[in-house]
Structure formats: C-alpha cells, structure tokens
Amino acid sequence: MDPAALHELRVVEAELNERWPETKIEPSLDRIRALTDLLAEPQRSYPVVHIAGTNGKSSTTRIVDALLTGLELRTGRYTSPHLQLATERIGVDGAPISPAGYVEAYRDVAPYVSIVDSQSDVKMSKFEVLTGMAFAAFADAPVDAGVIEVGLGGSWDATNVADAKVAVICPVALDHAEYLGTDLAGIAREKAGIIKPESIVVLASQPAEAQQEIMNRIAEVDATVAREGQEFGVLERTVAVGGQLLKLQGLGGVYDEIFLPLHGEHQARNAALGLAAVEAFFGAGAERQLDVERIRSAFASVIVPGRLERVRAAPTVLVDAAHNPHGTRALADALSSEFSFRKLVAVVGVLGDKDARGILAELEPVVEELVLTRNSSPRSLDPDELAGIALDIFGQDRIMVEPRLDNAVEQAIQLAEETDDPGESVSGGGVVITGSVVTAGEARALFGKEPA
C-alpha cells in the first residue's frame, strides 16, 4: 500500500478516535439523520439488504455481497468491526475501499459532521460518522445495492436510517449485555427494529422467545417473511477439502452442488440465509429461480477472513473471531466435526466486557491445552485474570499464560507438535486462535495476511 496514503489514513483514524468509540452509545438516530439529511440522504439512492442478529452477521453480509456481485450488480458493503484495517469496513465491488478512498470519504463528510456536532449536545460517535461515510461513498460510486451490517442492536443503530428492501435477521443470542440487557425477547425486539413496512424479512431459526418478538414486528408493519426450515434451508451438507458441499432449498427451488469455501454447519446455514436474501432481493420465488451456475460460481468466491480461517499448515493454525458463547459453540462444533487433530491447542485472548467463562466452557470439550494471552485493545482482559477463570474449567495442568500474542502463538505451535508417540500416524496437531475480533485480526497480521 502507498505509504503516503497509509499515513493520511492514520491521521483520519486519529481524528475519528477522538470521538466516542463503539463501546460508548447514546441511543438515538437524531444525529445520523441530521447528517444524512445534509448529505441529501445518500442511503436512499440504492436498495438495501440490511443484516442484524447476534452471530453470523459479517459472514452473511459477505455471502450476500458475493452473490449480488456474481449476479453482476455493483455492491457497497458495510461491516463492523474491522479485523486489521479500517478500510475493511467500507467495500465497493467486493473489495475494501482504498486508504485514499477512505480518507476522501471522510474529508467529504467532515464539514457536514461539524454542522451536526454544533447543533447537538452529544457529538457524533465514530460509528455514526463511519456510517455516513459508507452511505455517501456508495452513492458516489454509484452502487446498485447496499449490503449493510448492523453495528449493535437494530432500532437505534446508526445504519437504521436506511430502509431495507430485504431485512435479514441472523440468530439472536446474548451478547453486549451492558447495552442490550439479558432479556432475549427484548434483544430480539431491538434487532427486529430494522424491519420496515413493505420489506421482505429473511429469518434464521431463532429461540422461541426471540422468534415471537420478531414475528410480532413483522405483523406490526405488514412485512413479508421467509423462515429458515420452512421456506428455505440446508438440505444436505458434506464436508469437503477447503470447505463444504451444499444442497440448498431456496425460495426459487433447489440449488445443488454448491461449494462453500467455509467450515462449519453455521456457515452452511449462513449460506442458505444469504441465498434467500438475494432471491428476495431479485423477487425470485416458486416461478423464478436465479441462475444456478452463477450462484455456484459466486459461492465458490466467498471470502470471510477470521472465521475458521487457515493461516498456516503443519501444524494447522486456524483463526476465528468468536467472541461470545454462542459463536464459540459453533466454532467448537466445527472443530470437532470437520477436523481430526491428534491434539488441539487454543490461544485465547478475550475483551474484559465479554463472557470469558462462557467462551472457555464451550472450548473445553474440544481443546486439550490452552494458552491464555491478551490483544492490544485497552479493553483486553488481563491473561492472569483469564487464567483464574479458566482454572476450574480446564484445571491447572492444561493452562499456560503468555502475555504477548506472538509468544502465545509460538508456544501453542510447540505444544501442538509435541507427542508422546512420534510414530503416530493419525492427523497432526492444530492450533486455534480465538476469543475476540481483535485477537483474530492481530493473529492474521502475525501470519502476513492482508486486510480483506
């Protein structure tokens, strides 16, 4: 990347970091509405697929983006948080915006942000400014469709000034309790706020209390719904080299021989969800199926960094951004069902406001040893404190503490290569690095992976 452009990007990020971070929220759409009004409502210049839920949002967003691109639409993709570089958050044509493009997007909206700041008791947060940047960049491109991931919640998330043509609700579970609470029905009600009149809702399978709240919202605004397990779903799934082979029931019929280069049943379900969303976007149904060959080609092109991503072989090192118990359970299921490691070692770094105990408990059945560490975030949980939590789950003999992530990874690789029987012929050892999006991003950088 151009060093001058990267320097300008760092300058812009420093300015943005003076604002409230994504961990500090004053729930309101007033500020982002004021900004988009000043920008002439760029989010209304293209149809939007809006994606909410607790887990699977980023994967589903990238799947929808790849499918729309494969069907020859120019897309704008907005995701959060980023793994390595802020430019990942704003994508056009299936790729992150360039550092220069990111800087330009910021400079274009900055004067209007200043106006909003001057008229509000609370200045715009970093996420609100980024959302305005994305909406404006997509309008300037211009794009044929915006694929927009909710940042947090739904109703009062800054992205909700867009009115979705298709609203996708991924699985709802407990996370961000300090903002959303611990009432699953209330969390679902908040996430269902992205459902607008006349939209089409593509709904993943949900716990009963979450399902009821979402269906109440659908009835309230008279939206149309397609439900996983009823109108669409996964018919067959076979583990394959580098991913899985799927047979999917779509709204427009069956799509078979779909190769998805992602691991885990949860990603197969995300694939079905993404396919149904794209079918809904195009109006496909019983009388009209999307081009199956193009769908196959688009699925094969899907890239979701930091989701059971292999970054090294011999021993295999996998990186996964799971950061709550629900996501970690999906990770553990995939590790046990799709990999045959002689010995699996986990490197875990967790943020202090997350359910570390729940994350570790989900890992315990599939992990032999644990190397506890921290990432560079000031919110990162101290590894000694994390070890205290892990002690009664794993026991002292299975735990190591290594404060630096690079050293922790090196230690885990050594542990994975150890064996009591050098003549063993079964699969070798493996390492999984997980616990936080920040941990996953920094691990990718350690292994020389470029932002994607």
Side-chain angles (χ1 to χ4, degrees), residues 55-66 77 79-85 87-89 91 94-96 149 239-246 259-271 274 299-324 327-341 344-350 359 362-363 366-367 371 373 375 405-406 408-410 412-413 416 427-452:
N55 290 303
K57 296 194 302 292
S58 291
S59 295
T60 303
T61 298
R62 284 178 173 266
I63 287 168
V64 170
D65 186 45
R77 181 187 72 219
T79 56
S80 63
H82 60 274
L83 284 168
Q84 291 168 262
L85 202 62
T87 53
E88 298 166 33
R89 293 173 176 243
E149 177 187 352
V239 176
V241 175
Q244 51 193 308
L245 196 63
L246 305 176
F259 176 70
L260 179 70
L262 304 173
H263 297 284
E265 181 188 1
H266 61 297
Q267 294 291 19
R269 295 175 67 180
N270 289 337
F299 267 121
S301 75
V302 170
I303 297 172
V304 184
R307 272 68 179 182
L308 258 178
E309 179 183 14
R310 189 189 300 263
V311 294
R312 172 181 163 155
T316 296
V317 178
L318 302 165
V319 172
D320 195 273
H323 56 275
N324 57 42
T328 309
R329 187 177 313 130
L331 166 62
D333 288 346
L335 287 168
S336 62
S337 65
E338 300 188 19
F339 297 89
S340 301
F341 296 120
L344 181 62
V345 181
V347 176
V348 180
V350 181
I359 290 169
E362 295 294 347
L363 284 174
V366 299
V367 169
V371 183
T373 190
N375 55 53
L405 179 60
D406 55 351
V409 171
E410 185 177 340
I413 289 171
S427 299
V431 173
V432 59
I433 308 168
T434 190
S436 165
V437 173
V438 181
T439 303
E442 293 178 357
R444 288 190 93 245
L446 279 176
F447 285 93
K449 293 290 184 179
E450 292 293 324

- Message: Minimum heavy-atom separation for Thr328 and Glu362, please, with both atom names.
- Response: CG2-CB, 3.8 Å
- Item | Stepwise side chain to side chain contact (heavy atoms under 4.5 Å, CB included) check, Val348 with Leu363 | CA-CA 10 Å; Val348 180; Leu363 284 174; 3.7 Å; yes
- State which residues pass side-chain hydrogen bond (donor to acceptor under 3.5 Å, both in side chains) with Glu265; sequence neighbours excluded, sorted by chain then number. none
- Task: Please examine the side chains of Phe341 and Val432, heavy atoms only from C-beta on, and report whether any two atoms are closer than 4.5 Å.
- Result: no
- If you take all heavy atoms of Asn55 and Gly327, which pair is closest and at what distance? ND2-N, 3.5 Å
- Query: Is a donor on one side and an acceptor on the other found under 3.5 Å between the side chain of Glu442 and the backbone of Thr439?
  - Reply: no
- Quick one: CG on Asp406 to CZ on Phe447, what's the gap to the nearest 0.5 Å? 10.5 Å
- Heavy-atom distance under 4.5 Å between the side chains of Leu318 and Glu309, does that happen here? no
- Exercise: identify the closest heavy-atom pair between Ala268 and Gln244: CB-OE1, 3.5 Å
- Item | Any side-chain heavy-atom pair of Ile413 and Pro315 under 4.5 Å | yes
- Query: Val366 and Ala332: which non-hydrogen atoms are nearest, and at how many Å?
  - Reply: CG1-O, 3.7 Å
- Message: Side chains of Arg444 and Gln84: any donor to acceptor distance under 3.5 Å?
- Response: yes
- What distance separates Ser58 OG from Asn270 CG, expressed to the nearest 0.5 Å? 10.0 Å
- Task: Taking all non-hydrogen atoms of both residues into account, name the closest pair between Ala334 and Leu308 and its distance.
- Result: CB-CD1, 3.4 Å
- Item | Pairwise distance CD1(Ile63) to OG(Ser301) - rounded to 0.5 angstrom | 10.5 Å
- Task: Could you tell me the separation between the CD atom of Glu88 and the OG1 atom of Thr79, rounded to the nearest 0.5 Å?
- Result: 7.5 Å
- Note on the structure: Contacts of Arg312 meeting side-chain hydrogen bond (donor to acceptor under 3.5 Å, both in side chains) (sequence neighbours excluded), chain-then-number -> none
- Derivation and outcome, side chain to side chain contact (heavy atoms under 4.5 Å, CB included), residues Val319 and Thr434: CA-CA 6 Å; Val319 172; Thr434 190; over 6 Å; no
- Look at the side chain of Glu338 and the backbone N and O of Gly264, then say whether any donor-acceptor pair between them is shorter than 3.5 Å. yes
- Query: Residues two or more places apart in sequence or in another chain: which of them pass side-chain hydrogen bond (donor to acceptor under 3.5 Å, both in side chains) with Thr316?
  - Reply: Arg310
- Can a donor-acceptor pair be found between the side chains of Ser59 and Gln267 at a distance below 3.5 Å? yes
- Query: Does a side-chain heavy-atom distance below 4.5 Å link His266 with Arg329?
  - Reply: no
- Query: Could you state the interatomic distance from CG (Leu262) to CZ (Arg307), rounded to the nearest 0.5 Å?
  - Reply: 10.5 Å
- Message: Let's go through Val431 and Val347 carefully: what are the C-alpha distance in whole Å and the side-chain angles of both, what is the deciding distance for side chain to side chain contact (heavy atoms under 4.5 Å, CB included) to 0.1 Å, and is it a yes or a no?
- Response: CA-CA 7 Å; Val431 173; Val347 176; 4.1 Å; yes
- Item | Residue pair Ala443 / Leu405: nearest heavy atoms and the distance that separates them | N-CD2, 4.0 Å
- Candidate pair Phe259 and Val241, rule side chain to side chain contact (heavy atoms under 4.5 Å, CB included), full reasoning: CA-CA 10 Å; Phe259 176 70; Val241 175; over 6 Å; no
- Distance, nearest 0.5 Å, that separates CG of Asn375 from CD1 of Ile433: 12.0 Å
